[in-house]
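Keep in mind that what you see is a predicted model, and the values were worked out from it rather than measured.
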Amino acid sequence: MTPEKIIEFQQKLLQWYTENARILPWREDPSPYRVWISEIMLQQTRVETVKPYFERFIKEIPTIEDLAKLPEDRLLKLWEGLGYYSRAKNLKKAAQMIVEKFHGQLPSDSKSLQSLPGIGPYTSGAISSIAFGQRTPAIDGNVIRVMARILAEERNVDDPKVKKNIENALERLLPEHSVGDFNQALMELGATLCIPKGMPKCLQCPVNSFCKGYYQDMAQYLPRKSPKKKRKIEQKTIEVMQWEDKFALRKRPEEGLLSNLWEFPQREGHLSLEQCKKEMKKHNIEARRIISLPPSKHIFSHIEWHMIGYHILLEECPKNIELTWVTPGEIREKYSLPSAFKAYYAFIELISGE
DNA sequence: AATACGGGGGA
DNA sequence: TCCCCAGTATT
């Protein structure tokens with residue numbers, strides 16, 4: 001593109017953004033802290049999902065210092081249901097580093113930002129451009145799609161070489177001023193017009209005259225990506241153990257899936273009622289009554305849990321150091337229980353009459 | 001280069 | 001059922 005064309009592209013896109021930008025909580029005051037929190041929450045997560053989490057988070061933890069000293073259990077409770085929980089743990093780690101190494105202020109350049117845990121190539125570019133006005137690209141899934149269509153890039157965009165090519169093309173398009181708006185405009189375009197599914201709304205697009213994919217009538221078939229691999233299926237048996245008005249939870253390990261979150265005790269495989277009774281006896285747990293609960297399925301990005309469950313009513317409280325006994329109300333207020341256990345949590349709320 | 005890591009919404 | 005989402009860290 002000629003320099004004149006580039007200027008025209010920038011103007012068209014920014015003008016469209018001025019008129020069509022959605023009103024979002026993190027846009028009303030794009031301070032570095034708020035932009036940071038929003039960008040972390042928005043990683044692989046839809047805008048509509050993030051909105052309520054963001055508002056609640058900022059209200060309770062308004063500054064980096066507050067975040068740096070926030071207890072992890074409280075942090076995980078605020079993150080409950082949002083997924084990718086290492087984001088929350090990295091957030092606190094990064095806040096402590098910012099207090100220690102950067103005098104409590106987020107650095108403005110993308111290189112320093114990337115030295116903080118949880119901040120990679122996309123997020124560093126987003127923060128430095130949106131919060132600090134630095135001329136850095138912010139390439140997320142939206143931008144990849146928009147650029148692949150503009151360039152009519154038919155190669156696999158999962159290939160780092162192809163991604164680098166898109167980055168180079170985008171660098172040349174970045175304006176000297178309003179870079180944050182420019183980056184957000186590209187993402188907004190991807191989210192509202194240049195959409196991933198269904199027909200892209202090219203007729204409404206402010207930059208369709210620059211789009212090679214549009215002229216070749218190819219936009220809807222781009223970008224091309226590597227095929228996904230299939231999920232592994234795991235069978236689980238969930239034990240909903242009740243003693244008086246309390247239920248047993250245990251804390252998951254520090255590493256791996258759903259680390260440090262709470263769960264109902266579970267065993268590998270689908271145990272029959274008889275096997276379940278046998279397990280109870282083996283651990284010297286006296287059950288008054290065991291009934292089976294409806295099966296439930298939970299889909300992660302890379303695993304499927306196919307769960308069956310048993311409600312196990314106990315005579316006395318077992319002296320198992322692993323287990324923590326809590327009421328449904330306490331779970332709701334204090335314990336971070338992943339969405340995978342929703343069906344069984346709903347059951348205990350139901351039988352507790354809450 | 002491939003895999004781990006959540007959860008939900010829409011076709 | 002599958003894909004995608006304002007991706008990052010680890011292997």
Side-chain angles (χ1 to χ4, degrees), chain A residues 21-22 24-27 30 34-54 76 79-91 93-94 113-131 137-147 156-163 180-192 194-199 220 223-234 252-253 255-261 263 297-305 336-342:
Chain A
R22 291 169 291 180
L24 301 174
W26 43 91
R27 284 184 178 160
R34 291 166 55 93
V35 171
W36 174 39
I37 301 300
S38 67
E39 291 299 343
I40 298 296
M41 287 186 170
L42 285 162
Q43 289 169 3
Q44 294 291 286
T45 310
R46 288 194 163 66
V47 165
E48 289 308 315
T49 306
V50 168
K51 279 182 185 172
Y53 282 90
F54 176 81
L76 290 177
W79 212 267
E80 180 183 45
L82 200 51
Y84 286 147
Y85 297 92
S86 66
R87 291 184 293 177
K89 297 159 199 165
N90 284 335
L91 212 47
K93 231 179 272 170
L113 285 164
Q114 279 197 57
S115 74
L116 297 166
I119 299 183
Y122 162 73
T123 307
S124 61
I127 297 174
S128 64
S129 65
I130 297 170
I139 305 175
D140 72 334
N142 289 309
V143 176
I144 289 287
R145 181 172 57 257
V146 171
M147 289 302 295
N156 183 347
V157 296
D158 291 326
D159 182 341
K161 287 200 299 284
V162 176
K163 210 169 264 184
D181 281 348
F182 182 89
N183 283 336
Q184 291 188 81
L186 277 180
M187 295 190 269
E188 195 87 355
L189 199 59
T192 60
C194 201
I195 50 183
K197 292 185 176 182
M199 216 37 169
Q220 56 178 310
R224 296 194 174 173
K225 299 187 160 196
S226 322
K228 304 282 177 219
K229 75 175 264 242
K230 277 175 59 180
R231 282 186 292 265
K232 183 185 5 165
I233 295 176
E234 295 182 358
R252 290 179 61 83
E255 303 279 317
L257 185 67
L258 304 174
S259 52
N260 282 344
L261 277 73
E263 67 178 358
K297 183 163 77 170
H298 186 79
I299 301 173
F300 300 96
S301 43
H302 56 307
I303 304 172
E304 284 185 36
W305 278 1
S336 189
L337 191 69
S339 299
F341 303 101
K342 221 169 224 175

Separation of C:dC2 atom P from A:Phe300 atom CZ, nearest Å, is 18 Å

May I ask you to say what [X] touches in the nucleic acid, namely base, sugar-phosphate or nothing, with a heavy-atom cut-off under 4.0 Å?
| X | answer |
| --- | --- |
| A:Gly81 | sugar-phosphate |
| A:Lys297 | sugar-phosphate |
| A:Lys230 | nothing |

Out of the candidates A:Asp181, A:Val35, A:Asn183, only one should pair with A:Ser129 under the side-chain contact (heavy atoms from CB on, under 4.5 Å) rule; please name it.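 Looking at A:Asp181, A:Val35, A:Asn183, the match for A:Ser129 under the side-chain contact (heavy atoms from CB on, under 4.5 Å) is A:Asn183.
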
For DNA chain B, what string of dots and brackets results from 5' to 3' when Watson-Crick and G-U pairs need both distances under 3.5 Å, crossing pairs get [ ], and pairs with another strand get |? |||||.|||||

Start and end of chain A contact along DNA chain B [non-hydrogen atoms, under 4.0 Å]: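 Footprint of chain A along DNA chain B, 5' to 3': B:dA1 to B:dG10.
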
For [X], give me all partners under salt bridge (Lys or Arg N to Asp or Glu O under 4.0 Å), at least two apart in sequence or on another chain.
| X | value |
| --- | --- |
| A:Lys197 | none |
| A:Lys225 | none |
| A:Arg87 | none |

Can you name the side-chain hydrogen bond (donor to acceptor under 3.5 Å, both in side chains) partners of [X], sequence neighbours left out?
| X | result |
| --- | --- |
| A:Asn260 | A:Glu72 |
| A:Glu304 | A:Arg231, A:His306 |
| A:Gln43 | A:Thr123 |
| A:Arg46 | none |

Assign a letter to each nucleotide of nucleotides 5-11 of chain C from its 5' end: B, base within under 4.0 Å of a protein heavy atom; S, sugar-phosphate only; -, no contact. BBBSS--

Counterpart residues, side-chain contact (heavy atoms from CB on, under 4.5 Å), relative to A:Phe300 (two or more places apart):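 Here the qualifying residues are A:Leu257, A:Leu258, A:His298, A:His302, A:Ile303, A:Trp305, A:Ala340.
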
By nearest heavy atom, map A:Gly198 and A:Leu261 onto DNA chain B; which one lands nearer the 5' end?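 Looking at the nearest nucleotide for each, A:Leu261 comes out on the 5' side.
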
When the nearest nucleotide of DNA chain B is assigned to A:Asp159 and to A:Leu258 on a heavy-atom basis, which residue is associated with the more 5' position?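 Taking each residue's closest nucleotide, the earlier one in sequence belongs to A:Asp159.
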
For the P atoms, the ones on B:dT3 and on C:dA6, what distance do you get once it is rounded to whole angstrom?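 Pairwise P distance, B:dT3 against C:dA6, rounds to 25 Å.
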
Whole-Å P distance, B:dG6 and C:dT10: 14 Å

Using atom types as modelled and distance alone, determine if a side-chain donor or acceptor of A:Ser226 lies under 3.5 Å from a backbone N or O of A:Asp158. no

Base C:dC3 to side chain A:Lys197, donor-acceptor N/O within 3.5 Å cut-off: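 Looking at the base of C:dC3, it does pair with a donor or acceptor on the side chain of A:Lys197 (distance under 3.5 Å).
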
Would you please name every residue forming a ring-ring contact (aromatic ring centres under 6.0 Å, His included) with A:Trp26, sequence neighbours left out? A:Phe54

